[in-house]
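Beneath this line is the structure, given in structure tokens, with notes to follow.
Note on naming: letters A, B, ... go to the chains in the order of the sequence lines (proteins, then strands), and numbering restarts at 1 for each one.
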Number of protein chains: 2
Amino acid sequence: MAQHDNTLKSVDKVFKMVEHLKTNGGKTVTELSQELDMPKSTVQVYLNTLAKNKFVVQNGATYQIGLQFLQYGMYALWNEPVFPNVKSKVEELADTTGELAACFVEELGEAVYVYGTEGNRAIRTDLTMGDRSGLHCTASGKAIFAHLSQERIEEIISQRSLERKTPQTITDPDELREELKQIRERGHAYSKEESVEGMRSVAAPILLDGEVVCSISLAGPANRFVGERFTSEVPDIVKGAANEIELKLTYSESGL
Amino acid sequence: MAQHDNTLKSVDKVFKMVEHLKTNGGKTVTELSQELDMPKSTVQVYLNTLAKNKFVVQNGATYQIGLQFLQYGMYALWNEPVFPNVKSKVEELADTTGELAACFVEELGEAVYVYGTEGNRAIRTDLTMGDRSGLHCTASGKAIFAHLSQERIEEIISQRSLERKTPQTITDPDELREELKQIRERGHAYSKEESVEGMRSVAAPILLDGEVVCSISLAGPANRFVGERFTSEVPDIVKGAANEIELKLTYSESGL
DNA sequence: CATTTTGTTCAACAATATTGAACTAAGACG
DNA sequence: CGTCTTAGTTCAATATTGTTGAACAAAATG
């Protein structure tokens, strides 16, 4: 541990406990005590504190993550002024194409999945709102990545490892820089099975005053995302939708 | 303050700070210091801790609630085994009726709004997933309330005040007990502008092994929810949907 | 460039988190 | 039934850690 990390250790431990409950499901006092290597009495105090604040809920003898988190998470979501517009447009995209439409936001150098809807023939993913991944391995992530400032791009490349998800994932920094350049020229990003095998997608950034606020994407099975459809039809649909959102945003912004 | 409240004070304060950020939007160190009456250096340590755990995000000089909450909130949601079934059925209800369809869950004696979809002519509400309200003032709340154990009902009535939301809200315990009895006999609950003026709704509980797990509801403007439609048509639709969910649940449960 | 404001660092001190031991409650078992 | 076992709870001493102002750095303001 570093000398001065300037953090509250008890709070760190509280979050560690919450994480443990998320990963391992509901637990009793004794289980937590053993698994986290803390005395029972300490666990009790922690759970009392979490329960008092509704972040953890007692169900008989077991404690679980509470719905209180949802309230704060939803606040963070709706706090982004783009969100309402993006949400309805994503739903429209899923409806008209039948594929999986989604929206990602950048936070702390990661892509966060904030909304998605499945069209009637969409592929199924196990993505849940709030899930995070590297910016380098999805179309949505790359669409955002490409439009960050040059310094921020280099900062993120140097700080985060370009983790390999599939054989197609771009893990070489130089290759990534070239890819981002192409995305800026093209106006949209592709993923050719770079995060999930068998899944391809197309994403476009949403820019407001030159700043990227999020990206929207369409994803589908590799066999449907080929040829003309993949290289021009789907990109046009996605970019069109992104454009409409941008227009609504600038309109509503000036209309204040 | 009580003698021994057996809670971690620093953690309580962390949550207080998060709550402040939710209520008042992004804040700087100095603002928080003034508004929460804490020294700047203390605020700093708190924000460092929250930021390190991604629950708060620094945006220039201001700190905001982070999307990390979303991940835990979503976990809590999907942790309920009913949720996937309920979600699709609620969407179906909104589609076929054009009204506002929603699902509520009980937690800590409160109704928590966990999912909702607006049909094409639905009334607009400012409800956000994760919002909480008393069990006594909505159709969804009462539908759940009525099917809790008798002891739990009395416990909740005695511990929580039956807060008045509109002139129609039931605030008298005896009146509420009678209402709950009728709901049990009828199989569904009504709200006649008891939480929001001009809004009526119909809700049905979803029971699994005799335990109520959540409720689903349809809400609409008072002028559309009248006569035959309000007393039999909508209730039949809602109860039908609830039944289908119950069947799917018992089926998938035994199928394990 | 001077001035004010805001953010950050640090080490001493006070506060509080931590702990085991003692206690109670609930189940298991014969 | 009563004993044994296991799980949950309480509490007061101690050591750890949270808290703080003061001093510094950085940025914004005039």
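Listed by chain and number, the residues in a side-chain contact (heavy atoms from CB on, under 4.5 Å) with B/Glu19 are A/Tyr72, B/Thr23 (sequence neighbours excluded). Every residue two or more places apart in sequence or in another chain that forms a side-chain contact (heavy atoms from CB on, under 4.5 Å) with B/Glu35 is listed here: B/His20, B/Lys27, B/Glu31. Here B/Asp174 pairs with B/Asp172, B/Arg177 under the side-chain contact (heavy atoms from CB on, under 4.5 Å) rule; sequence neighbours left out. Remark: B/Gln58 engages B/Tyr63 in a side-chain hydrogen bond (donor to acceptor under 3.5 Å, both in side chains) (not counting sequence neighbours). Residues that satisfy the side-chain contact (heavy atoms from CB on, under 4.5 Å) test with A/Glu107, not counting sequence neighbours, are A/Val112, A/Arg132, B/Val57, B/Leu67. In this structure B/Thr62 satisfies the side-chain hydrogen bond (donor to acceptor under 3.5 Å, both in side chains) test with no other residue, sequence neighbours excluded.
Identified under the ring pair (Phe, Tyr, Trp, His ring centres under 6.0 Å) test for residues 144-164 of chain A, with sequence neighbours left out: none.
Applying side-chain contact (heavy atoms from CB on, under 4.5 Å) to B/Ile156 and the options B/Gln159, B/Glu154, B/Arg160 leaves one that passes, B/Arg160. The residue from A/Lys142, A/Lys165, A/His136 that alone fulfils the side-chain hydrogen bond (donor to acceptor under 3.5 Å, both in side chains) condition with A/Glu194 is A/Lys142.
Here D/dG8 presents its P atom at 14 Å from CG of A/Asn59, a figure rounded to the nearest Å. Taking atom NZ of A/Lys9 as the reference point, atom P of C/dT16 lies 18 Å away to the nearest angstrom. One interatomic measurement links the two molecules: CG of A/Asn6 to P of D/dT19, which rounds to 12 Å at whole-angstrom precision. In this structure, the CE atom of B/Met17 is 13 Å from the C1' atom of D/dG18, given to the nearest Å. Regarding A/Leu8, its CG atom lies at a distance of 9 Å from the C1' atom of D/dT17, rounded to whole Å. Distance, B/Tyr63 OH to C/dT6 C1': 12 Å, rounded to whole Å.
For the residue pair A/Thr169 and A/Arg164, no side-chain donor N or O sits within less than 3.5 Å of a side-chain acceptor on the partner. If you check the side chains of B/Thr138 and B/Ser195, you find no donor sitting under 3.5 Å from an acceptor. Under the 3.5 Å distance criterion, with hydrogens and angles disregarded, a donor-acceptor pair is assigned to the side chains of A/Lys22 and B/Gln71. Judged by distance alone, the side chains of A/Thr49 and B/Thr7 never bring a donor and an acceptor atom under 3.5 Å apart.
If one axis is set at each end of the helix from C/dC1-D/dG30 to C/dA22-D/dT9 from five pairs, those axes are 50° apart, to 10°.
In this structure, A/Ile183 and A/His188 have side chains that are not in contact, with every pair of non-hydrogen atoms separated by 4.5 Å or more.
Ring orientation note: the planes of B/Trp78 and B/Phe83 are nearly perpendicular, at an angle over 60° on the 30°/60° scale.
Non-hydrogen atoms lying under 4.0 Å from DNA chain C are contributed by B/Gln44, all within residues 43-57 of chain B. For DNA chain D, the neighbouring residues in residues 21-37 of chain A, judged by any heavy atom under 4.0 Å, are A/Thr28, A/Val29, A/Thr30.
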In B/S/- notation (B base, S sugar-phosphate only, - none; protein heavy atoms under 4.0 Å), nucleotides 20-25 of chain C written 5' to 3' is B-----

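Residues A/Gln58 and B/Met38 both approach DNA chain D. Their nearest nucleotides, taken by heavy-atom distance, put A/Gln58 toward the 5′ side.
Contact annotation: A/Ser10 side-chain N/O to D/dG18 OP1/OP2 distance is under 4.0 Å. Between C/dA17 and A/Lys13, no contact under 4.0 Å exists linking OP1 or OP2 to a side-chain N or O.
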Dump the intermediate steps for side chain to side chain contact (heavy atoms under 4.5 Å, CB included) on A/Glu106 and A/Leu135, then the final yes or no. CA-CA 8 Å; A/Glu106 180 265 346; A/Leu135 285 170; 4.1 Å; yes

Expected rows: protein N/O vs nucleotides 25-30 of chain D N/O, under 3.5 Å:
none

